[in-house]
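Below is one structure, written out as structure tokens, with a few remarks after it.
As a basis for the values below, the full set of heavy atoms in this structure was taken, side chains included, without hydrogen atoms, waters or symmetry mates.
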Amino acid sequence: MAACVHNSVAAKALELMRSDKFGAEVRAQSARCTKCAVAIPSALWLCLQCGYLGCGRADKEHVFKHVESARHASAINIGTGQVWCYVCEEEVFRDAGPADIEALRERVVALREAPEP
């Protein structure tokens with residue numbers, strides 16, 4: 001896996017999440033794992049490099065398999081806003097991450113609360 005980039009990937013991820021495609025995927029009514037259709041928001045993780053949406057380790061680990069095979073580094077839980085760095089194998093905490101990480105969390109919450117278009 002690549003060197004840890006969780007401190008540099010947040011700005012790009014925020015830009016991706018502002019696009020209509022990712023906004024639609026994060027909305028509560030339409031969010032589903034790309035592989036198995038798990039639809040519980042707290043079980044879904046969005047890859048911060050490419051926007052792949054997959055279930056977490058508590059389910060079938062599709063986002064973990066994606067980041068491992070694609071050599072991506074981090075994902076955000078669309079239900080909780082938790083950001084996980086797969087390179088460091090640790091959570092990127094609010095006070096330890098860059099300001100863009102907090103902006104990502106705020107964007108996820110805003111998208112989840114927005115009505116379907």
Side-chain angles (χ1 to χ4, degrees):
M1 193 147 328
C4 180
V5 294
H6 71 248
N7 286 325
S8 62
V9 74
K12 178 183 176 198
L14 184 58
E15 181 181 319
L16 288 173
M17 288 185 66
R18 286 185 173 135
S19 75
D20 291 338
K21 176 190 177 216
F22 298 110
E25 290 202 15
V26 172
R27 293 188 202 289
Q29 297 86 348
S30 59
R32 302 229 183 287
C33 174
T34 303
K35 295 282 187 185
C36 69
V38 164
I40 302 165
S42 62
L44 295 173
W45 293 81
L46 187 72
C47 175
L48 293 179
Q49 278 71 33
C50 69
Y52 177 91
L53 188 63
C55 60
R57 292 179 177 171
D59 293 290
K60 296 182 180 177
E61 300 185 335
H62 287 128
V63 81
F64 175 72
K65 292 172 185 174
H66 163 77
V67 297
E68 191 173 57
S69 66
R71 302 182 65 81
H72 290 165
S74 53
I76 188 168
N77 182 292
I78 68 164
T80 66
Q82 177 187 17
V83 175
W84 187 261
C85 177
Y86 289 94
V87 175
C88 298
E89 281 299 317
E90 62 184 32
E91 183 174 357
V92 180
F93 291 99
R94 292 175 196 268
D95 59 351
D100 287 333
I101 293 288
E102 188 58 29
L104 278 171
R105 289 186 177 99
E106 290 170 4
R107 181 67 179 150
V108 166
V109 170
L111 288 169
R112 302 264 311 127
E113 293 175 350
E116 282 286 331

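- Of the options Tyr86, Trp45, Trp84, a side chain to side chain contact (heavy atoms under 4.5 Å, CB included) to Val67 is made by Tyr86 and by none of the others.
- Closest approach of Cys36 to Cys55, counting heavy atoms only: SG-SG, 3.8 Å.
- Sorted by first and then second residue, the side-chain hydrogen bond (donor to acceptor under 3.5 Å, both in side chains) pairs involving residues 56-65 (not counting sequence neighbours) are Arg57-Glu89.
- Of the candidates Ile78, Val63, Asn77, Leu46 forms a side chain to side chain contact (heavy atoms under 4.5 Å, CB included) with just one, namely Ile78.
- Contact detail for His66 and Cys50: the closest heavy-atom pair is NE2-SG, 3.3 Å.
- Closest approach of Leu53 to Leu44, counting heavy atoms only: CD1-CB, 4.2 Å.
- Annotation: the span from Ile76 atom CD1 to Cys47 atom SG amounts to 11.5 Å, rounded to 0.5 Å.
- For the atom pair Ile40 CD1 and Arg32 CZ, the distance stands at 10.5 Å (nearest 0.5 Å).
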